[in-house]
There are 2 protein chains.
Amino acid sequence: MSPGDTRTAILDLAEELLRTRSFNSFSYQDIAAEIGIRKASIHYHFPGKEDLGVALIERFRLRAGAWASRMVERNATPAEKLEAYFQAQFEILRDEGKICAQGILSAEFNALPERMKESYMEFLEEQQQWLVRVLGKGQELGLFADDRTPEELAALIQSAMQGSLQIARASGRPERFQAVAEELVRRIFTAPETVSLPDAAAS
Amino acid sequence: MSPGDTRTAILDLAEELLRTRSFNSFSYQDIAAEIGIRKASIHYHFPGKEDLGVALIERFRLRAGAWASRMVERNATPAEKLEAYFQAQFEILRDEGKICAQGILSAEFNALPERMKESYMEFLEEQQQWLVRVLGKGQELGLFADDRTPEELAALIQSAMQGSLQIARASGRPERFQAVAEELVRRIFTAPETVSLPDAAAS
DNA sequence: GTCTATAGCGGGATAGAC
DNA sequence: GTCTATCCCGCTATAGAC
């Protein structure tokens, strides 16, 4: 194994466990068993579970930042960015049994270690602000009725996506997520057909 | 103490702990310490933690049923019922640091004991169906544009409420919940002013 | 119905050999 | 960087006295 591989393997598995079960519902033992090392070895990479949790969130933030940069490099229009955003949400659900880390972390928020709370709040803020910026540009281009502020639109979209991923998984009805996404697009855009969503069949 | 009091005290505190921290983040010890009994005494009332969890959900279901019945007795109109529904969501947030049990349980779903999963799914279904029925009646009365099915409206409302409660708490910005609720009402009703929401000041 | 006492496990974490 | 061995703690749960 090249250096960093174990660390990455730990992070990858921890991410999967976080998104399937929640932060307080998985242990170092779960990780050790799955990737074939001992608990003590995990402590070498992440001294405490809080460190692992913070590293996870920081990786989410970096990943989101890189994703946003790619959109910029492609000179994506606000409509294209929003379409990509919605499609990314569909990807999350396709990942059998998992929901977005955002949702898990905010539901479990009070039970998280202090540094994770701080890191998570920054993550949440960044996500929110990205949406606000894109929605603001979209509004200038007439994508939405201009009687709403981008902040309110962003809050609605973020909330609905998070809640419907959770409900769709728990109820075993992925089509409920589909319904919410379509409903949102229809109710927000003046010309909903500018944003195309994946088919319900997928999942 | 009259019989049943300890049981109720346990349930009340467990509900509070569930809604502040999540099911897997509180223990019998937390309850025992707070209400001044011993861990073993809790096992007398609820043999296992799973039993406590199921009892909690069953109580949520009974409570929701009683609430709906009261609406019926008052001959509430669909608009009044929906207004009451939204106002109930505001109450949840006012309860400092707590979010709705629905949200916690669906986020933690995969990490819940089997019987809790089953009970929760029935709870979710009942809530959904109540909304669908009320929205259906409202549609007949022309409260909404009739190009949407009540099922889709219900899914959107439920998701957005759940997600925004979580986000509002984690970000320490209750006004974000306010914004989402207002945005929803505005986007769903043909005459939004028929449903009045509490003021942002409250929280 | 509540208590004391304790079993038994699994959690996070550390020391020190290799 | 990974291992073995071990610590200490808190958890759920049970037995049995009162």
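Chain letters run A, B, ... following the sequence lines, proteins first, then strands; residues in each count from 1.
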| In terms of side-chain heavy atoms of A/His43, which of D/dT4, C/dC3, C/dA13 is nearest? | C/dA13
| task | Kindly say whether the aromatic ring centers of A/Phe90 and A/Phe177 come within a distance under 6.0 Å. | result | yes
| Cation over ring, B/Lys49 on B/Phe26, under 6.0 Å and within 45°? | yes
| From the list C/dG12, D/dT4, D/dA15, which nucleotide is the closest neighbour of the side chain of B/Ala40? | D/dA15
| field | Residues B/Arg186, B/Glu183: salt bridge by 4.0 Å N-O rule | value | yes
| field | Which nucleotide in D/dA15, D/dC11, C/dT2 has an atom nearest any side-chain atom of B/Lys39 | value | D/dC11
| message | Please check: side-chain N/O of B/Thr20 versus main-chain N/O of B/Leu17, any donor-acceptor pairing under 3.5 Å? | response | yes
| request: Using whole Å, report how far CD of B/Glu50 lies from P of D/dC11. | output: 19 Å
| query | D/dC3 phosphate, OP1 or OP2: any side-chain N/O from A/Ser41 under 4.0 angstrom? | reply | yes
| task | Among the candidates D/dC3, C/dC3, C/dG1, find the nucleotide nearest to the side-chain atoms of A/Ile37. | result | D/dC3
| field | Under-4.0 Å salt bridge between B/Arg7 and B/Asp12 | value | no
| Separation of B/Leu17 atom CG from D/dT12 atom P, in whole Å? | 11 Å
| Near-strand residues of residues 25-34 of chain B, defined as heavy-atom separation under 4.0 angstrom from DNA chain D | B/Phe26, B/Ser27, B/Tyr28, B/Gln29
| said: So if I take every side-chain heavy atom of B/Thr6 and compare against D/dT12, C/dT2, C/dT14, which nucleotide ends up nearest? | reply: C/dT2
| query | Between atom CD1 in A/Ile10 and atom P in D/dG1, what is the gap in whole Å? | reply | 11 Å
| field | Rounded interatomic separation in angstrom, taking CG from B/Asp51 and C1' from D/dA13 | value | 12 Å
| said: Using whole Å, what does the distance between atom C1' of nucleotide C/dG12 and atom CZ of A/Arg38 come to? | reply: 17 Å
| field | Separation of D/dG10 P from A/Asn24 CG (nearest whole Å) | value | 16 Å
| Pair B/Arg94 + B/Glu91: basic N to acidic O under 4.0 Å | yes
| field | Value in whole Å for how far the C1' atom of D/dG1 lies from CZ of A/Phe46 | value | 14 Å
| field | Whole-Å gap separating C1' (C/dG12) and CG (A/Leu112) | value | 17 Å
| said: Measuring to OP1 and OP2 of C/dG1, would you say a side-chain N or O of B/Tyr44 lies under 4.0 angstrom away? | reply: yes
| request: May I ask you to decide whether A/Glu125 forms a salt bridge with B/Arg176, counting only side-chain N to carboxylate O separations under 4.0 Å? | output: yes
